Amino acid sequence: MTSPHFTLRNAQPRDVRTIRRLVEPYAHERILIAKEAVAYYETVQEFVVATTAQDTSQVIGCGALHVMWEDLAEIRTVAVAQEHLGQGIGHAIVAELINRARAMGLRRLFCLTFEVDFFASHGFHPIDGTPVSMEVYAELLRSHDDGVAEFLDLARVKPNTLGNTRMLLKLNEPQAT
């Protein structure tokens, strides 16, 4: 996607340092989880970045689509540089991640967020519990990923998730406009 102010593209390993810098102030406020550099390099292919329209190497926003199961993924690590807030960058990133999830044949997207209205504008709805069968839950317990632990609502990640809302988007439902 391109706008007069920014462009979206796949993240590249060279973007990881900037992605970490974008996430840092949000992690400091406990809005996002801080991760080690290696975690970003291991998942760089999940990320979309927004860059300035003038310089596609200047990353000003990011977001990731993390597949959790055959029909389920999580939108995570959506961050926009403070000086670029209010330009539609976050909305464009989430819309792109939703499109990618659809293209992959996924049926549901999860997010854990403080930004309820933002995600609701994309069709997400608050949920209670973990929307998977007991068999899938048992399989997901084997994951070492903190995001999966958040999804499962495990006690070891509770300090990071206090106050967050669990939200789900069913991709076969029409989108809010």
Side-chain angles (χ1 to χ4, degrees), residues 1 3 6-11 15 19 22-23 26-27 30-35 39-40 42-50 59 61-80 85 88-154 157-158 160-177:
M1 180 204 175
S3 96
F6 63 90
T7 300
L8 298 182
R9 65 168 171 77
N10 293 327
D15 300 321
I19 290 170
L22 284 173
V23 170
Y26 297 103
R30 300 185 71 85
I31 294 170
L32 294 176
I33 291 179
K35 297 177 187 170
Y40 288 108
E42 289 174 341
T43 61
V44 71
Q45 72 281 356
E46 297 179 356
F47 278 85
V48 170
V49 294
V59 175
C62 65
L65 179 68
H66 180 77
V67 175
M68 299 171 75
W69 204 248
E70 68 185 66
D71 67 336
L72 175 68
E74 178 186 12
I75 289 183
R76 56 170 62 168
T77 321
V78 176
V80 175
L85 291 174
I89 296 167
H91 286 289
I93 289 169
V94 169
E96 175 63 20
L97 295 173
I98 290 169
N99 288 338
R100 289 176 181 214
R102 280 196 171 99
M104 292 175 72
L106 297 169
R107 294 188 325 221
R108 300 176 298 160
L109 285 177
F110 170 80
C111 70
L112 185 64
T113 185
F114 290 106
E115 301 297 332
V116 174
D117 292 340
F118 173 84
F119 280 96
S121 74
H122 289 277
F124 284 79
H125 301 282
I127 60 167
D128 291 319
T130 304
V132 293
S133 69
M134 289 306 293
E135 294 81 17
V136 172
Y137 186 95
E139 288 289 331
L140 290 174
L141 277 174
R142 297 178 179 157
S143 175
H144 298 286
D145 184 274
D146 283 339
V148 173
E150 288 178 329
F151 173 74
L152 298 175
D153 205 20
L154 300 180
V157 292
K158 288 288 187 194
N160 293 322
T161 62
L162 291 176
N164 281 348
T165 299
R166 304 164 73 73
M167 300 185 80
L168 192 71
L169 170 65
K170 293 183 180 177
L171 295 175
N172 56 350
E173 293 179 354
Q175 294 299 296
T177 55

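The figures here come from the full heavy-atom set of this structure, side chains too, leaving out hydrogens, waters and symmetry mates. Given the structure is predicted, the values throughout are model-derived calculations rather than measurements.
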| field | Ile93, Leu22, Leu8, Asp15 screened by side-chain contact (heavy atoms from CB on, under 4.5 Å) with Val49, the one that passes | value | Asp15
| For Tyr26, side chain to side chain donor-acceptor pair (under 3.5 Å) partners two or more places apart | Gln82
| remark: dist Arg76:CZ -> Ile33:CD1 (nearest 0.5 Å) comes out at 8.0 Å
| Worked verdict on Phe118 versus His91 for ring pair (Phe, Tyr, Trp, His ring centres under 6.0 Å) | CA-CA 8 Å; Phe118 173 84; His91 286 289; 4.3 Å; yes
| Non-neighbouring partners of Glu46 that pass side chain to side chain donor-acceptor pair (under 3.5 Å), sequence neighbours left out | His66
| Rounded to the nearest 0.5 Å, how far apart are CZ of Phe110 and CE of Met167? | 10.5 Å
| said: Please enumerate all residues that pass side chain to side chain contact (heavy atoms under 4.5 Å, CB included) together with Val80, with sequence neighbours excluded. | reply: His84, Leu85, Ile89
| remark: Across all chains, not counting sequence neighbours, the side chain to side chain contact (heavy atoms under 4.5 Å, CB included) partners of Ala39 are Lys35
| query | Listed by chain and number, what are the side chain to side chain donor-acceptor pair (under 3.5 Å) partners of Asn10, not counting sequence neighbours? | reply | Arg100
| said: To the closest 0.5 Å, what do you measure between CG (Leu169) and CD1 (Ile75)? | reply: 7.5 Å
| query | CG of Leu97 to CZ of Phe47: how many Å apart, nearest 0.5 Å? | reply | 9.5 Å
| Residue list, side chain to side chain contact (heavy atoms under 4.5 Å, CB included) with Leu106, at least two apart or on another chain | Val67, Ala73, Ala101, Met104, Leu171
| Which residue pairs pass the salt bridge (Lys or Arg N to Asp or Glu O under 4.0 Å) test with at least one member in residues 61-71, sequence neighbours excluded? | Asp71-Arg107, Asp71-Arg108
